[in-house]
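Structure first, commentary second.
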2 protein chains.
Amino acid sequence: MPRNDKQVRLWVEGQLRAAGLKVTPQRYAVLDYLWSNRTHPTAEEIEAAVNQRFPCASRATVYNTLHALHEAGLVQELYGQGGVTRYDIKVEPHHHFICRRCGLIEDVKVERLSVKARLPLQSGHRVEELDVVIRGLCAKCRKIAEG
Amino acid sequence: MPRNDKQVRLWVEGQLRAAGLKVTPQRYAVLDYLWSNRTHPTAEEIEAAVNQRFPCASRATVYNTLHALHEAGLVQELYGQGGVTRYDIKVEPHHHFICRRCGLIEDVKVERLSVKARLPLQSGHRVEELDVVIRGLCAKCRKIAEG
DNA sequence: ATAACCGTTTAGACTTAATCTAATTTACGT
DNA sequence: ACGTAAATTAGATTAAGTCTAAACGGTTAT
């Protein structure tokens, strides 16, 4: 696990290469941003962030990159109410809590939630990942809703 | 659990009233359709289906109704790739398998997948539901992908 | 050097799921 | 029946995400 800037650079570049992707400034910027910001950003937020210092990535490229990273298993896509996809770097497995009122997303450590499956689930289907989303009201919205 | 048409009618009306919703033809049609078709339809598919015999529900009403039914806990919303929400009547708890290639959605019986949580997950958050989505490739797409 | 090559990026048009609005209609308790 | 709050409507609007065809870049061969 990288500890300083140089190590992060090497880690990001290594991950891209390992996924069979050329290391371009745009891809580097997106993956580096996701490494540093575990805030479940939208594609739009990522685009704005990586272009803040100086424009380098178009919208199409941000989407292309995110799809490639997802395909490569480096990034998780989070689908929720409103049809806006959020992105999350896959460093260690975890689940998510999503508030149905304000949209807050919080990580849930796997230790708190044990999932036991009897595989195979359906004949012939290949299970690749298991997304668990806990939905409800966050503390803040709970207070508002309960009055 | 309703067994014939009359019982279904009474069940649907009862569910609507219990949720504090007036029984309108549009709402009746939507909930009845979801009762009879456990195919995880989109709002568009539902709109087309309930208007097939004779037009009765506008798009806005279909969405309003689905939101109301979801709010009331009668219907589950399924969010996936593509940003198209799918709807599923909540009759008995189950999970879902979704093929990342063709989008196939299949129910997974809870017996096959047990989720155990250590509550409370986060201080103050109210847990309302737990969505488990198994993602991967269905048998068909698996064959195509593996060549 | 130069050329050819293939994957990547780009701007901007396009698609479409879902929302919004303001006027009209309807369900249902009294 | 009546009154009213709730529900419905058509159509305009929004915005997330995709598509397209041209340009770019870096690699390898000549």
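These values consider heavy atoms only, across backbone and side chains, with no hydrogens, waters or symmetry-generated copies. Here is the naming used below: chain letters follow the sequence lines, and residue numbers restart at 1 for every chain.
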Is any side-chain N of the basic residue among A:R135 and B:E77 closer than 4.0 Å to the acidic one's carboxylate O?
no
With heavy atoms under 4.0 Å as the rule, sort B:T61 into base, sugar-phosphate or nothing.
base
Would you kindly give the CG-to-C1' distance between A:N51 and C:dA11, to the nearest whole Å?
13 Å
Among C:dT10, C:dA17, D:dG11, which is the nearest nucleotide to the side chain of B:A60?
D:dG11
Just compare D:dT8, C:dA17, C:dT8 and give me whichever is closest to any side-chain atom of B:R27.
D:dT8
Where the side chain of A:Y63 is concerned, which of D:dT8, D:dA16, C:dT10 is the nearest nucleotide?
D:dA16
Euclidean distance, B:K116 NZ relative to A:K116 NZ, rounded to 0.5 Å:
5.5 Å
Check whether any side-chain heavy atom of B:Q76 lies under 4.5 Å from a side-chain heavy atom of B:L78, and answer yes or no.
yes
Counting heavy atoms from C-beta on, name the nucleotide in C:dA17, D:dT18, D:dT8 closest to the side chain of B:T65.
D:dT8
Less than 4.0 Å between a side-chain N and a carboxylate O, is that true for A:R86 and A:E45?
yes
According to a strict under-4.0 Å criterion, is B:T24 in side-chain N/O contact with OP1 or OP2 of D:dT8?
yes
Once you round it to whole Å, what is the distance between P of C:dG7 and CG of A:L16?
17 Å
Which part of the nucleic acid does B:P25 contact within heavy-atom distance under 4.0 Å: base, sugar-phosphate only, or nothing?
sugar-phosphate
Whole angstroms only, please: what is the CD-P distance between B:E44 and C:dA18?
9 Å
Rounded to whole angstrom units, what separation is found between the CG atom of A:L21 and the C1' atom of C:dT9?
14 Å
Rounded to whole angstroms, how far apart are CG on B:N64 and C1' on D:dA10?
13 Å
Which of the following nucleotides, C:dT9, D:dA5, D:dG17, is nearest to the side chain of A:V84?
D:dG17
Have a look at B:R17 and say if it touches a base, only the backbone sugar-phosphate, or nothing, with a 4.0 Å heavy-atom cut-off.
sugar-phosphate
With a cut-off of less than 4.0 Å, is there a side-chain N or O of B:Q26 near OP1 or OP2 of D:dT9?
yes
At under 4.0 Å, does any side-chain N or O of A:H67 touch on OP1 or OP2 of D:dT18?
yes
Given atom CG of A:L66 and atom P of C:dT9, what is their separation to the nearest angstrom?
12 Å
Starting from the 5' end of DNA chain D, give me the residue, B:G82 or B:S58, whose nearest nucleotide shows up first.
B:S58
Using whole Å, report how far NE2 of A:H70 lies from P of D:dT18.
12 Å
How close or far is atom P of C:dT8 from atom CG of A:L69, stated in whole angstroms?
12 Å
I want to verify a distance call: between C:dA27, C:dA17, D:dA12, whose nearest atom is closest to the B:R59 side chain?
D:dA12
Validation row: B:Y28, B:R9 side chains within 4.5 angstrom (heavy atoms):
yes
Among C:dT9, C:dA18, D:dA7, the nucleotide that comes nearest once only the side chain of B:T85 is considered
C:dA18
N-O pairing of A:E111 and B:R118 below 4.0 Å:
no
